[in-house]
2 protein chains.
Amino acid sequence: MFSKTCEYAIRAMIFIAQQSKDGSRVGIKDIAKGIDSPEHFIAKILQELGRKGVVQSLKGPTGGFYLDNSGRKTSLATIVKAVDGDDIFSGCGLGLKQCSDKHPCPLHHEFINIRKDITNMLNKTKVGDLQEELDKKLTFLRRD
Amino acid sequence: MFSKTCEYAIRAMIFIAQQSKDGSRVGIKDIAKGIDSPEHFIAKILQELGRKGVVQSLKGPTGGFYLDNSGRKTSLATIVKAVDGDDIFSGCGLGLKQCSDKHPCPLHHEFINIRKDITNMLNKTKVGDLQEELDKKLTFLRRD
DNA sequence: GAATTAAAAGACTTTTTTGTCTTTTAATAA
DNA sequence: TTATTAAAAGACAAAAAAGTCTTTTAATTC
């Protein structure tokens with residue numbers, strides 16, 4: 001469904017939301033440990049998200065990654081688009097370039113509702129909401 | 001959603017259903033042309049599907065790939081499982097190994113209905129049905 | 001302002017996926 | 001039974017995705 005890169009990105013965003021809700025910042029090492037990902041790899045991903053304004057960061061001592069209140073309202077759709085592009089929102093399920101409502105591939109109609117549901121879900125789900133459930137221990141980002 | 005390999009596989013299965021409905025067989029070259037795919041690549045994919053009994057084939061002159069009536073009832077789920085495994089049916093949306101109803105990832109609940117819809121759709125959609133729509137020119141496998 | 005800390009940048013490697021080519025095997029037709 | 005046809009098998013190559021490492025830049029603290 002998502003690329004590995006995108007999975008890490010979503011997990012990292014939720015973790016950062018959680019760790020920075022008191023106004024502090026999280027370092028890349030803690031993020032990597034917290035979401036069980038390769039340190040340098042998630043660093044690269046977050047740099048890209050930073051460039052696109054999806055996550056905030058600050059260098060130097062007491063520096064790290066963080067999300068402000070508006071960042072906590074970021075939808076999953078925003079993250080997925082930034083990382084994987086919008087294939088999942090609009091690409092053809094059978095990989096045809098010419099696929100459209102007027103010139104549909106054999107799976108076009110079967111996909112319409114699924115695609116709509118995925119899009120709705122990604123748009124309405126916000127990083128902050130997921131972080132709150134995590135805080136209540138209703139969901140988990142890793143084993144423990 | 002699907003791997004490129006799986007996209008080609010589905011397209012090829014529909015094309016084979018169409019071309020072999022009169023009891024004849026289609027050669028790999030015609031398949032490659034008919035679905036706009038690399039010839040040797042789709043050959044390899046169909047060999048694997050042949051090994052798994054998802055498609056029938058015969059060597060020699062008048063040989064080629066074909067589907068009998070029961071093959072025409074093959075669901076997309078069967079093809080997808082044979083090619084991509086069952087990640088799409090049961091894997092965690094965030095790539096967590098430990099994800100389950102009892103120990104859900106942050107997206108687990110959000111994914112349940114989507115996954116169910118995808119599974120239903122893949123189970124109920126049969127190659128033969130898609131081929132019939134194609135015959136009626138209601139859908140397309142390529143440009144023309 | 002010098003030392004320290006932590007992210008940014010970017011080169012590099014490994015693995016997986018996708019795609020290509022050649023040889024072998026099996027069926028049919030003459 | 002020999003020639004021909006077409007799939008099966010498998011080695012190989014290219015491209016993309018995933019992951020690693022080193023150097024540079026920008027903050028903070030002393």
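The figures that follow rest on heavy atoms only: side chains count, while hydrogens, waters and symmetry mates do not. Each chain gets a letter, A, B and so on, in the order its sequence line appears, and its residues count up from 1.
Considering only the side chain of Ser57(B), dA7(D) comes nearest among dG19(C), dA7(D), dT20(D). With distances taken from any side-chain atom of Ser3(B) to the nucleotides dT18(C), dG19(C), dA7(C), the minimum falls on dT18(C).
No donor-acceptor pair closer than 3.5 Å links the side chain of Ser20(A) to the backbone N or O of Gly23(A). Between the side chain of Ser100(B) and the backbone N or O of His103(B) there is at least one donor-acceptor pair closer than 3.5 Å.
Between Lys29(A) and Pro38(B), the residue whose closest nucleotide on DNA chain C is further toward the 5' end is Lys29(A). Along DNA chain D, the nucleotide nearest Gly63(A) and the nucleotide nearest Phe2(A) are compared for position; the residue whose nucleotide lies closer to the 5' end is Phe2(A). Comparing Phe41(A) and Arg25(A), the nucleotide of DNA chain D nearest to each residue sits closer to the 5' end for Phe41(A).
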Identify all pairs in which a protein N or O lies below 3.5 Å from an N or O of nucleotides 21-26 of chain D, and state each distance.
residue: dT25(D); atom: O2; partner: Lys59(A); partner atom: NZ; Å: 3.1
residue: dA26(D); atom: O4'; partner: Lys59(A); partner atom: NZ; Å: 3.1

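Atom P of nucleotide dA6(D) and atom CG of Leu46(B) are separated by 16 Å, given to the nearest angstrom. Protein atom CZ of Arg11(B) is 13 Å distant from nucleotide atom P of dT18(C), rounded to whole Å. Atom CD1 of Ile42(A) and atom C1' of dA7(C) are 14 Å apart (whole Å). Between Glu48(B) atom CD and dG10(D) atom C1' the separation is 13 Å, expressed in whole Å. Phe65(B) has its CZ atom 13 Å from the C1' atom of dA26(C), to the nearest Å. We find that CD of Glu39(B) is positioned 12 Å from C1' of dG19(C), with the value rounded to whole Å. Atom NZ in Lys4(A) sits roughly 16 Å away from atom C1' in dT20(D) (whole-Å rounding). With rounding to whole Å, Ile45(B) atom CD1 is found 13 Å from dT20(C) atom C1'.
When side chains are defined from C-beta on, Ile14(A) does not count as touching Arg11(A), because their heavy atoms never get closer than 4.5 Å.
Between dA9(D) and Arg51(B), a contact under 4.0 Å exists linking OP1 or OP2 to a side-chain N or O. Dashed line: the shortest gap from a side-chain N or O of Thr62(B) to OP1 or OP2 of dT28(C) is not under 4.0 Å. Distances shown here put a side-chain N or O of Tyr8(B) below 4.0 Å from the OP1 or OP2 atom of dG19(C).
The residue Val26(B) sits close only to the backbone: its heavy atoms come under 4.0 Å of sugar-phosphate atoms, none of a base.
Interface remark: the Lys44(B) side chain does not form any donor-acceptor pair with the dG10(D) base, using a distance-only criterion of under 3.5 Å.
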Please report, to 0.1 Å, the donor-acceptor pairs under 3.5 Å made by any side chain of residues 35-47 of chain A, with sequence neighbours excluded.
residue: Asp36(A); atom: OD2; partner: Arg143(A); partner atom: NH2; Å: 3.2

Side chains of residues 55-69 of chain A: which donor-acceptor pairs under 3.5 Å do they make with residues two or more places apart or in other chains?
residue: Asp68(A); atom: OD1; partner: Ser70(A); partner atom: N; Å: 3.2
residue: Asp68(A); atom: OD1; partner: Ser70(A); partner atom: OG; Å: 3.3
residue: Asp68(A); atom: OD1; partner: Gly71(A); partner atom: N; Å: 2.7
residue: Asn69(A); atom: OD1; partner: Arg72(A); partner atom: NH1; Å: 3.1

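Salt bridge Glu7(A)/Lys4(A): present, at least one basic N to carboxylate O contact under 4.0 Å. The pair Asp135(A)-Lys21(A) meets the salt-bridge criterion, with a side-chain N (NZ, NE, NH1 or NH2) lying under 4.0 Å from an Asp/Glu carboxylate O.
Test Leu76(B), Val54(B), Asp86(B) against Lys81(B) for side-chain contact (heavy atoms from CB on, under 4.5 Å) and you get one pass: Asp86(B).
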